[in-house]
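Only one structure is covered here, and it is reproduced in the block below.
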2 protein chains.
Amino acid sequence: MGETNGVHWLDDGQQTAWRSFLVGNARFFEALGAAHDAELDLSLGEYTLLVQLSEQPDRTQRMSALADGLVLSRSRLTHTVTRMEGRGLVSRCPADGDRRGVNCRMTDLGHAALVAAAPGHVRAVRRLLVDVLEPDELEALGRIMGKIGVAARSELTGAARDC
Amino acid sequence: MGETNGVHWLDDGQQTAWRSFLVGNARFFEALGAAHDAELDLSLGEYTLLVQLSEQPDRTQRMSALADGLVLSRSRLTHTVTRMEGRGLVSRCPADGDRRGVNCRMTDLGHAALVAAAPGHVRAVRRLLVDVLEPDELEALGRIMGKIGVAARSELTGAARDC
DNA sequence: GTGTGATAGTTGAGATATCAACTATCTTTC
DNA sequence: GAAAGATAGTTGATATCTCAACTATCACAC
């Protein structure tokens with residue numbers, strides 16, 4: 001069953017699930033991005049970055065921690081922060097204790113932008129995700145995506161290195 | 001509960017699920033993309049495009065249908081196909097019956113590239129998704145993402161236009 | 001058959017992302 | 001305390017994506 005040339009192909013049910021995952025994902029992020037573009041002054045990525053900063057003490061976090069939390073490459077974060085700094089949403093300052101380090105801090109303007117965008121963002125997430133699912137489905141989705149995330153991270157981190 | 005200034009914020013459980021969804025997704029696609037980059041000659045996007053073509057009669061499909069199926073903008077598909085055409089993976093030809101239309105056809109070289117990439121792709125999808133979940137979880141994920149995709153599409157299509 | 005609005009696809013400019021190379025600092029080891 | 005390697009972050013060239021404008025064709029009304 002489902003094995004040709006030593007390759008374990010996906011069966012029909014697995015195929016269907018995988019396709020739904022791909023397409024559903026693409027449509028969801030397209031719609032959420034469109035909602036941000038249409039109503040809000042922050043893109044989804046900028047918004048997420050500011051949310052993460054808003055949860056840090058003094059609204060400040062090291063670039064590397066920020067990159068890890070947002071699942072962004074260092075380089076991409078550097079460019080993104082440079083642009084956002086240009087708009088006055090965040091500012092950079094040297095990290096204390098490690099002269100290589102750079103802290104990223106949300107400015108008051110950034111905070112104001114976050115507060116202004118939050119209602120529209122939450123409405124969109126509700127409309128496109130939370131309200132679309134039964135409560136137990138949302139819980140299941142979270143649990144399942146958690147497992148997927150853990151597996152992906154361990155592959156990226158290079159855990160399970162061959163002996 | 002959870003309502004301030006008329007905004008329905010997410011409760012803790014909803015927040016957790018939403019975060020898991022965001023982060024799990026980002027990690028998953030990062031890992032799958034990395035697997036393609038490392039082992040295969042086709043990016044995930046190129047591979048998906050060729051898969052879709054491979055399922056069409058004569059390995060040929062109209063640009064617009066291809067764009068819809070892959071959830072890509074027309075413009076993005078044009079650029080992608082131009083690049084892939086440059087590599088000899090697909091070719092363009094006029095659609096018959098509608099002189100505006102353009103067909104995209106997978107070449108033999110494209111088919112060979114697809115066949116060569118398929119085992120590695122499927123292995124990665126197994127490792128990062130299918131094998132990570134229980135069968136019922138995979139089924140649930142497919143079902144849930146299907147619902148999300150439908151909701152997102154109806155928003156994008158502009159259904160439910162206000163009276 | 002002419003005008004009007006929709007649809008198919010492309011184009012090019014500007015925005016964003018990726019990748020490899022680079023500087024600077026830190027850490028470890030001897 | 002000097003050398004070697006790891007870590008933090010940036011840089012710039014290139015690749016890719018996005019957005020609005022554009023051409024061409026089609027469909028439909030009149």
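Below, chains carry the letters A, B, ... as their sequence lines are ordered, and counting in each starts from 1. Values below: every heavy atom of this structure, side chains too, minus hydrogens, waters and symmetry copies.
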If you assign each of Ser73(B) and Asp98(A) to its closest nucleotide in DNA chain D, which residue comes earlier from the 5' end?
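This one resolves to Asp98(A).
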
Between Gly101(A) and Asp37(A), whichever has its closest DNA chain D nucleotide further toward 5' is Gly101(A)

Starting at atom [atom1] of [X], determine the distance to atom [atom2] of [N], rounded to an integer number of angstrom.
{"X": "Leu44(A)", "N": "dA15(C)", "atom1": "CG", "atom2": "P", "answer": "20 Å"}
{"X": "Gln61(B)", "N": "dG9(C)", "atom1": "CD", "atom2": "C1'", "answer": "15 Å"}
{"X": "Leu77(B)", "N": "dT18(D)", "atom1": "CG", "atom2": "P", "answer": "12 Å"}
{"X": "Met63(A)", "N": "dT25(C)", "atom1": "CE", "atom2": "P", "answer": "17 Å"}
{"X": "Glu30(B)", "N": "dT18(C)", "atom1": "CD", "atom2": "P", "answer": "9 Å"}
{"X": "Asp96(A)", "N": "dT25(C)", "atom1": "CG", "atom2": "C1'", "answer": "15 Å"}
{"X": "Met84(A)", "N": "dT16(C)", "atom1": "CE", "atom2": "P", "answer": "11 Å"}
{"X": "Asn103(A)", "N": "dA8(D)", "atom1": "CG", "atom2": "P", "answer": "13 Å"}

So if I take every side-chain heavy atom of Arg62(A) and compare against dT10(C), dA17(C), dG9(D), which nucleotide ends up nearest?
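Nearest nucleotide to the side chain: dG9(D).
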
Counting only side-chain heavy atoms from C-beta out, which of dA24(C), dA24(D), dG9(C) sits nearest to Arg100(A)?
dA24(C)

Please state whether the base of [N] and the side chain of [X] form at least one donor-acceptor pair under 3.5 Å?
{"X": "His79(B)", "N": "dG9(C)", "result": "no"}
{"X": "Thr82(B)", "N": "dT10(C)", "result": "no"}
{"X": "Arg76(B)", "N": "dT18(D)", "result": "no"}
{"X": "Arg99(A)", "N": "dT25(C)", "result": "no"}

Does [X] come within less than 4.0 Å of [Y], counting only side-chain N to carboxylate O?
{"X": "Arg19(A)", "Y": "Glu55(B)", "answer": "yes"}
{"X": "Glu30(B)", "Y": "Arg76(A)", "answer": "no"}
{"X": "Arg83(A)", "Y": "Glu46(A)", "answer": "no"}
{"X": "Glu137(A)", "Y": "Lys147(B)", "answer": "yes"}

Check whether any side-chain nitrogen or oxygen of [X] sits under 4.0 Å from OP1 or OP2 of [N], and answer yes or no.
{"X": "Arg83(B)", "N": "dC17(D)", "value": "yes"}
{"X": "Arg92(B)", "N": "dT10(C)", "value": "yes"}
{"X": "Arg74(B)", "N": "dA8(C)", "value": "yes"}

Donor on one side chain, acceptor on other, Arg59(B) and Thr107(B), under 3.5 Å
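Checked: Arg59(B)/Thr107(B) side chains show no N/O donor-acceptor pair below 3.5 Å.
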
For Ser75(A), report the nucleic acid contact type (base, sugar-phosphate, nothing); a contact means any heavy atom under 4.0 Å.
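Ser75(A): base contact, heavy atoms under 4.0 Å.
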
Describe the nucleic acid contact of Thr78(A) in one word from base, sugar-phosphate, nothing, applying a heavy-atom distance below 4.0 Å.
base

Should the pair Phe21(A) and Phe29(B) be assigned to parallel (<30°), tilted (30 to 60°) or perpendicular (>60°) ring geometry?
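Parallel.
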
Would you mind telling me which residue lines up with the more 5' stretch of DNA chain C, Ala65(B) or Glu46(A), judged by nearest nucleotide?
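It is Ala65(B) whose nearest nucleotide is closer to the 5' end.
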
